[in-house]
Amino acid sequence: PRLPVPYRRLLLMWLAGCAVDDVAPTAAIGGEVVRTFLLESHLPREQAIATVVINKASITLAKMLYIALGLGYLSQHVTLPPVLSTSVLLSLGLIFLGLVGFVAFQRYGMLSQGIQYLAYLRIGQSWVQRLSGYVAPLDAQLMAYYASYPWRFPCSMALHCAAYTF
């Protein structure tokens, strides 16, 4: 199938986001906003946001895998104090669980469910209602992606992880 955004254009959008990440004091979030903004000229807003969210999740999980592999190798060659190795493993494990949970939230439309739970608790009713209007279409895009292309996310993760080795 033909992509709605040519690869060359995607590369330029990626580079623009990287440039913002490198020069603006926005950590790694400013570039994502720029990428979303640039993608909106080719895709509907919800699809552009979903694309960037899925990509960020893929990159972050790949980076975690890369770090875990590196630390596994390091632990075979350097003896660390037990407290340090335990704290590093525990920290990585918790971060990894959080990331997997974030992807599960995307995959199963749980973002909207979380917003509905806030409404049930009667927390910030007007704010929750506005937020629900934004999150529901995004949830639909995310679920559609994971259902339509189940192998793309793990392949993306594997390619990102491989790219970190070079």
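- At distances below 3.5 Å, at least one donor-acceptor pair connects side-chain atoms of Ser75 with backbone N or O atoms of Gly72.
- Side-chain contact between Phe102 and Val53 is present, with heavy atoms from C-beta onward closer than 4.5 Å.
- Between atom CG of residue Leu74 and atom CD1 of residue Ile67 there is a gap of 12.5 Å, rounded to the nearest 0.5 Å.
- Thr51 places none of its side-chain heavy atoms less than 4.5 Å from the side chain of Val5.
- Looking only at side-chain heavy atoms (C-beta outward), His160 and Asn55 come within less than 4.5 Å of each other.
- Rounded to the nearest 0.5 Å, atoms CD (Glu46) and CD (Glu40) are 8.5 Å apart.
- Taking CE of Met64 as the reference point, atom CG of Leu69 lies at 11.0 Å (rounded to 0.5 Å).
- Linking ILVMFWY residues whenever their side-chain heavy atoms come closer than 4.5 Å, directly or via other members, leaves Ile95 and Ile29 in distinct clusters.
- The side-chain heavy atoms of Ile49 and Leu39, taken from C-beta on, include no pair separated by under 4.5 Å.
- Counting only residues at least two apart or in different chains, side chain to side chain donor-acceptor pair (under 3.5 Å) contacts with residues 127-141 comprise Ser112-Asp139.
- Hydrophobic clustering places Met13 together with Tyr7 (ILVMFWY residues linked when any side-chain heavy atoms are closer than 4.5 Å, directly or through intermediates).
- Between Val20 and Gly31 the shortest heavy-atom distance is CG1-N, 3.9 Å.
- To the nearest 0.5 Å, atoms CD (Glu32) and CG (Asp21) are separated by 6.0 Å.
- Taking a 6.0 Å sphere around OH of Tyr164, one finds it holds more than 12 heavy atoms contributed by other residues, nucleotides or ligands.
- Legend: side chain to side chain donor-acceptor pair (under 3.5 Å) pairs involving residues 93-111, not counting sequence neighbours, sorted by first then second residue: Gln106-Tyr146.
- Both Phe105 and Leu121 are part of a single hydrophobic cluster, where members link through side-chain heavy atoms under 4.5 Å apart.
- The two residues Ser156 and Ser58 make their nearest non-hydrogen contact at OG-OG, 2.7 Å.
- Atom CD of residue Gln47 and atom CG of residue Leu142 lie 10.5 Å apart, to the nearest 0.5 angstrom.
- With rounding to the nearest 0.5 Å, the separation of CG in Leu65 from CG in Leu92 is 11.0 Å.
- Panel note: side chain Thr60, backbone Ala57; no donor-acceptor pair is recorded below 3.5 Å.
- Considering all non-hydrogen atoms of both residues, Gly17 and Arg35 come closest at C-NH2, 3.4 Å.
- Ala16 and Leu38 get closest at one heavy-atom pair: CB-CD1, 3.9 Å.
- Hydrophobic clustering, with ILVMFWY side chains joined whenever heavy atoms are under 4.5 angstrom apart, keeps Val52 apart from Leu15.
- Here the side chains of Thr165 and Tyr66 are in contact, with some heavy-atom distance below 4.5 Å.
- Residues Leu10 and Phe37 share a single hydrophobic cluster, defined by chaining ILVMFWY side chains whose heavy atoms lie under 4.5 Å apart.
- Residues Ile54 and Arg152 are not in side-chain contact: their nearest non-hydrogen atoms beyond the backbone lie 4.5 Å or more apart.
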